[in-house]
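Heads up, the thing below is written out as structure tokens.
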Amino acid sequence: MNIHYRKMTAEDLNAFIEIRICQLREEGAKEVIDIRPALYDYYKRHMSDGTFVSWIAVDDDIIF
């Protein structure tokens, strides 16, 4: 395993959203609607204007 950390980019957004949805499920959230489009829009807008920044752990292009 060769984990490194880097700032998240727009290209990471889909994988990041899937991780976020898994987290919400583990916390007990129920999926009544598909929130992926809303999450994508939210994160894309806030990454673009600098109000959201995240660092991700990556190993062979797999985000943890």
Side-chain angles (χ1 to χ4, degrees):
M1 199 174 264
N2 185 22
I3 296 175
H4 68 279
Y5 300 89
R6 64 175 171 78
K7 188 175 178 181
M8 188 172 85
T9 67
E11 289 77 32
D12 303 315
L13 214 40
N14 288 326
F16 180 81
I17 288 170
E18 290 306 314
I19 292 168
R20 178 70 174 122
I21 288 172
C22 286
Q23 176 191 8
L24 291 169
R25 285 181 190 140
E26 288 175 3
E27 293 170 351
K30 305 290 182 217
E31 289 184 61
V32 179
I33 61 169
D34 183 10
I35 63 171
R36 285 170 185 83
L39 287 175
Y40 188 86
D41 178 61
Y42 174 87
Y43 288 120
K44 182 124 177 135
R45 280 186 295 114
H46 290 282
M47 286 175 70
S48 294
D49 70 12
T51 58
F52 176 79
V53 176
S54 185
W55 293 87
I56 55 176
V58 181
D59 182 23
D60 285 334
D61 295 325
I62 298 171
I63 298 172
F64 290 93

If you measure from [atom1] on [X] to [atom2] on [Y], what distance do you get to the nearest 0.5 Å?
X	Y	atom1	atom2	result
Met8	Trp55	CE	CH2	11.5 Å
Leu13	Ile63	CG	CD1	9.5 Å
Ile3	Ile62	CD1	CD1	10.0 Å
Arg20	Tyr42	CZ	OH	9.5 Å
Ile19	Asn14	CD1	CG	11.0 Å

Exercise. Taking atom CG of Asp49 as the centre, does the number of heavy atoms from other residues, nucleotides or ligands within less than 6.0 Å exceed 12?
Worked result: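 Yes, CG of Asp49 has more than 12 neighbouring heavy atoms, counting only those of other groups under 6.0 Å.
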Problem set entry | Asp34 atom CG: more than 12 heavy-atom contacts under 6.0 Å |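 More than 12 heavy atoms, drawn from other residues, nucleotides or ligands, come within 6.0 Å of this atom.
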For this session: Decide whether Ile17 and Phe52 are clustered together by the hydrophobic rule: side chain heavy atoms of Ile, Leu, Val, Met, Phe, Trp, Tyr closer than 4.5 Å, transitively.
Result: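 Ile17 clusters together with Phe52.
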Exercise. Same cluster or not: are Met1 and Ile56 linked, directly or through other Ile, Leu, Val, Met, Phe, Trp or Tyr residues, by side-chain heavy atoms under 4.5 angstrom apart?
Worked result: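 Hydrophobic grouping puts Met1 apart from Ile56.
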Problem set entry | Phe16 and Tyr43 aromatic ring geometry - parallel, tilted or perpendicular at 30°/60° bounds |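 It falls in the perpendicular class, over 60°.
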For this session: For residues Leu24 and Ile35, determine if any side-chain heavy atom of one lies less than 4.5 Å from a side-chain heavy atom of the other.
Result: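 Yes - at least one pair of side-chain heavy atoms lies under 4.5 Å apart.
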Exercise. Is the shortest heavy-atom distance from the side chain of Ser48 to the side chain of Arg45 under 4.5 Å?
Worked result: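 Not in contact.
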Exercise. So, for Lys44 and Ala10, which heavy atoms are closest and what is the spacing to 0.1 Å?
Worked result: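 That closest heavy-atom pairing would be NZ-CB, 4.3 Å.
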Exercise. Between Asp12 and Lys7, which heavy-atom pair has the shortest distance, and what is it?
Worked result: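 In this case the closest contact between Asp12 and Lys7 is OD2-O, 4.3 Å.
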For this session: Ignoring hydrogens and angles, tell me if any N or O in the side chain of Asn2 forms a donor-acceptor pair with the backbone of Asp59 under 3.5 Å.
Result: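 Between the backbone of Asp59 and the side chain of Asn2 there is no qualifying donor-acceptor contact (under 3.5 Å).
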Exercise. Is the backbone N or O of Ala38 less than 3.5 Å from a side-chain atom of Asp41, with the two atoms forming a donor-acceptor pair by type?
Worked result: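 It does not hold such a pair.
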